[in-house]
Peer 1: 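Okay, handing you the structure first.
Below, each value reflects all heavy atoms present in this structure, side chains not excepted, and no hydrogens, waters or symmetry copies. Residue numbers count from 1 along this sequence.
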Amino acid sequence: MRVRKGLACTAVAVAMAVLGGCGSGGDAEKEPTRGDSAPKGEDESKAEDVPEAFDAPLKFEPAPEVTVPKAATSGNVAMSGRTDANGLPVTIEKGVLYIGRTDGLEIASGYRPSDAVLITTAESQPVDPEKDGPFVGDSTDAPHLTTVDGKRLAVMAVVGELPGSGTTPKKTVVELLAADAREATLAWSATVEFEGLQDYSKHSDGPPQILGQVGDTLVLEVGDHTLGVDLTTRERVWSTEADGVLAGDTLVVERAESAREDRLVGLDAATGEEKWSVDAEGYGDFVGATSNLVALESYSGGEGRLTFVETAEGKEVVTHRDRDQSACSYDGASVLVCGDGKRLDAYAADSGKPLWSLPDESANRVAPRMTLLREGLLYGTTENGPVVLDALTGADKETEPGAAPFVTDGIAALAFAPESKRAIAFRVTG
């Protein structure tokens with residue numbers, strides 16, 4: 001089954017660079033500073049307060065003085081301006097950009113001019129994924145923000161190789177990099193191994209994807225394997241030779257029990273233990289998930305079907321016919337929106353009940369090209385420019401937002417520049 005799916009301005013802390021306005025800024029990008037050691041410099045008390053975040057961002061203004069590192073769009077924006085299903089490899093928190101790379105992560109301000117810090121592999125030599133295809137650069141995942149033992153961390157997973165010596169051959173590993181999110185330094189790194197990793201292919205498997213976190217267990221997909229790593233002990237807890245989707249605390253995968261039988265299996269994402277198993281016949285591919293449902297698309301007789309399965313016992317909830325959904329996005333609250341580039345269909349996240357669809361010829365409305373679904377709001381573009389919809393009703397919420405962000409935290413955002421296909425920084429103003 002397929003799943004479609006330093007900030008060193010005179011070496012001050014990240015919070016100061018976000019707000020204090022240090023660094024070069026502008027269009028000329030400098031090489032990022034390595035974040036190998038804790039920054040030294042000015043007293044953090046000189047930093048202004050972090051700007052208040054807007055809970056429901058509706059207005060955006062360009063911040064041309066902020067330089068966005070190239071890695072923020074590398075591999076995820078096509079030359080045509082199209083973005084892939086995973087969006088940009090960026091997480092934003094308190095105005096700070098945490099940018100995924102195939103060799104680690106970069107940290108930079110998305111709100112004020114700053115110099116970026118590079119946190120790169122400490123133990124292994126990164127194995128770059130395939131660079132050819134419709135997307136330019138090195139497509140990768142966004143860093144995962146979490147708190148471990150009271151410390152805020154930005155975690156990135158990289159496939160690397162440990163060098164051989166003498167008669168010992170080199171070895172492929174997954175290296176987890178945990179950056180101190182507030183200091184822009186490497187907090188720790190750890191290498192993880194599992195059976196089958198030596199068959200990893202940079203040309204076909206692509207970079208690791210962090211699916212989420214359940215308790216202390218980080219769940220990540222590497223090639224055709226999924227594994228859980230305890231972030232407190234930094235050791236692998238479980239692994240399975242299957243890929244799938246994370247819905248709440250359940251990882252749902254498909255396993256081939258025999259040449260004629262596939263099973264849909266629910267695993268406890270914290271322990272890897274099996275919770276349930278059902279016949280997977282006719283379910284097709286995973287296209288999305290909410291906190292308690294997984295969505296699967298299949299075809300029969302030329303007709304597309306979208307099926308929702310609940311994750312408590314693996315029971316089918318509802319099947320919608322005549323639907324062609326290539327990928328779905330969850331707003332993290334109450335709505336799942338699915339589309340194929342020409343059409344959008346919204347469903348209740350807890351039940352799979354249809355909410356609305358676009359285009360709607362009777363109302364003379366078109367479907368926007370969605371860039372982001374976030375906490376009840378859908379951001380996208382039409383021939384009229386950026387637009388924001390109410391994700392629950394599909395109604396226009398803001399017709400002149402100033403940008404259609406790919407990612408935002410209510411303080412800063414990344415979106416295409418006006419009249420351009422180049423991603424730049426924006427400030428949230430309303």
Side-chain angles (χ1 to χ4, degrees), residues 4-5 54-62 72-73 76-92 134-135 142 287-288 290 295 306 323-349 354-361 363-410 412-430:
R4 299 175 214 163
K5 348 186 188 163
F54 290 89
D55 293 333
L58 295 175
K59 290 286 190 178
F60 306 87
E61 291 184 356
T73 56
N76 293 69
V77 179
M79 294 178 182
S80 64
R82 182 169 61 92
T83 60
D84 74 5
N86 295 322
L88 302 182
V90 180
T91 303
I92 308 181
F135 300 101
V287 291
T290 69
L306 183 69
R323 299 295 171 99
D324 184 9
Q325 323 278 209
S326 60
C328 303
S329 296
Y330 177 41
D331 75 339
S334 56
V335 182
L336 186 79
V337 177
C338 305
D340 61 0
K342 299 179 181 179
R343 175 188 175 97
L344 292 177
D345 296 291
Y347 304 91
L355 298 176
W356 54 267
S357 297
L358 287 174
D360 183 346
E361 293 184 3
N364 192 31
R365 299 183 67 213
V366 300
R369 182 179 292 276
M370 183 170 64
T371 58
L372 175 66
L373 183 66
R374 179 185 185 270
E375 298 177 4
L377 296 176
L378 186 154
Y379 303 87
T381 60
T382 69
E383 62 181 14
N384 301 316
V387 65
V388 184
L389 306 187
D390 184 316
L392 274 172
T393 66
D396 289 1
K397 182 82 171 180
E398 175 58 62
T399 57
E400 295 183 355
F406 296 109
V407 58
T408 183
D409 67 340
L414 294 184
F416 283 145
E419 308 301 326
S420 170
K421 295 300 183 184
R422 181 173 60 92
I424 65 170
F426 285 76
R427 291 193 182 92
V428 181
T429 59

Peer 1: For Thr290, give me all partners under side-chain hydrogen bond (donor to acceptor under 3.5 Å, both in side chains), at least two apart in sequence or on another chain.
Peer 2: Asn292

Peer 1: How would you list, by chain and number, every residue that makes a side chain to side chain contact (heavy atoms under 4.5 Å, CB included) with Asp331, sequence neighbours excluded?
Peer 2: Ala333, Ser334, Val335, Leu373

Peer 1: Would you say Thr381's side chain and Gly385's backbone share a donor-acceptor pair under 3.5 angstrom?
Peer 2: no

Peer 1: How close do Ala367 and Leu344 get, heavy atom to heavy atom, and via which atoms?
Peer 2: CB-N, 4.2 Å

Peer 1: Side chains of Tyr379 and Phe406, heavy atoms from C-beta outward: is any pair under 4.5 Å?
Peer 2: no

Peer 1: If you take all heavy atoms of Phe426 and Ala403, which pair is closest and at what distance?
Peer 2: CE2-CB, 3.6 Å

Peer 1: Under the side chain to side chain contact (heavy atoms under 4.5 Å, CB included) test, which residues partner Ala348, sequence neighbours left out?
Peer 2: Asp350, Ser351, Lys353, Leu355

Peer 1: Does any non-hydrogen side-chain atom of Ser329 lie less than 4.5 Å from one of Leu336?
Peer 2: no

Peer 1: Quick one: side chain to side chain contact (heavy atoms under 4.5 Å, CB included) partners of Ala142, sequence neighbours excluded?
Peer 2: Thr91

Peer 1: Just wondering, do Val337 and Cys328 contact through their side chains at under 4.5 Å, heavy atoms?
Peer 2: no

Peer 1: Going by heavy atoms in the side chains, are Lys397 and Leu58 under 4.5 Å from each other?
Peer 2: yes

Peer 1: Between Ala412 and Asp409, what is the shortest heavy-atom contact and its length?
Peer 2: N-OD1, 2.9 Å

Peer 1: Could you list the residues that satisfy side-chain hydrogen bond (donor to acceptor under 3.5 Å, both in side chains) with Ser357, not counting sequence neighbours?
Peer 2: Asp345

Peer 1: Under the side-chain contact (heavy atoms from CB on, under 4.5 Å) rule, what do Phe54 and Thr429 come out as? Steps first, then yes or no, please.
Peer 2: CA-CA 8 Å; Phe54 290 89; Thr429 59; 5.6 Å; no

Peer 1: Under the criterion side-chain contact (heavy atoms from CB on, under 4.5 Å), I'd like the reasoning laid out for Phe60 against Thr408: C-alpha separation, chi angles, the key distance, then a yes or no.
Peer 2: CA-CA 10 Å; Phe60 306 87; Thr408 183; 4.1 Å; yes

Peer 1: For the residue pair Ala415 and Pro405, what are the closest heavy atoms and their distance?
Peer 2: CB-CA, 3.8 Å

Peer 1: Val90: what forms a side chain to side chain contact (heavy atoms under 4.5 Å, CB included) with it, not counting sequence neighbours?
Peer 2: Ala72, Leu88, Ile92, Leu97, Ile99, Val407, Leu414

Peer 1: May I have all residue pairs that pass salt bridge (Lys or Arg N to Asp or Glu O under 4.0 Å) and include part of residues 398-408, sequence neighbours excluded?
Peer 2: Lys59-Glu398

Peer 1: Given side chains that start at C-beta, do those of Tyr347 and Leu306 come closer than 4.5 Å, heavy atoms only?
Peer 2: yes

Peer 1: Looking at every non-hydrogen atom in both residues, tell me the closest pair between Leu358 and Pro368 and how far apart they are.
Peer 2: CD1-CD, 4.0 Å

Peer 1: Going by salt bridge (charged side-chain N to carboxylate O under 4.0 Å, His left out), name the residues that satisfy it together with Arg427, two or more places apart in sequence or in a different chain.
Peer 2: Glu65

Peer 1: Which heavy-atom pair separates Gly410 from Arg374 by the least distance, and what is that distance?
Peer 2: N-NH2, 4.1 Å

Peer 1: To the nearest 0.5 Å, what is the distance between CZ on Arg369 and NZ on Lys342?
Peer 2: 10.0 Å

Peer 1: List the residues meeting salt bridge (charged side-chain N to carboxylate O under 4.0 Å, His left out) with Asp396, not counting sequence neighbours, and say none if there are none.
Peer 2: Arg365

Peer 1: Please output the side-chain donor-acceptor pairs of residues 387-394 that fall under 3.5 Å, not counting sequence neighbours, one pair per line with the distance.
Peer 2:
unit_1 : atom_1 : unit_2 : atom_2 : d
Asp390 : OD1    : Leu392 : N      : 2.9
Asp390 : OD1    : Thr393 : N      : 3.3
Thr393 : OG1    : Ala395 : N      : 3.2

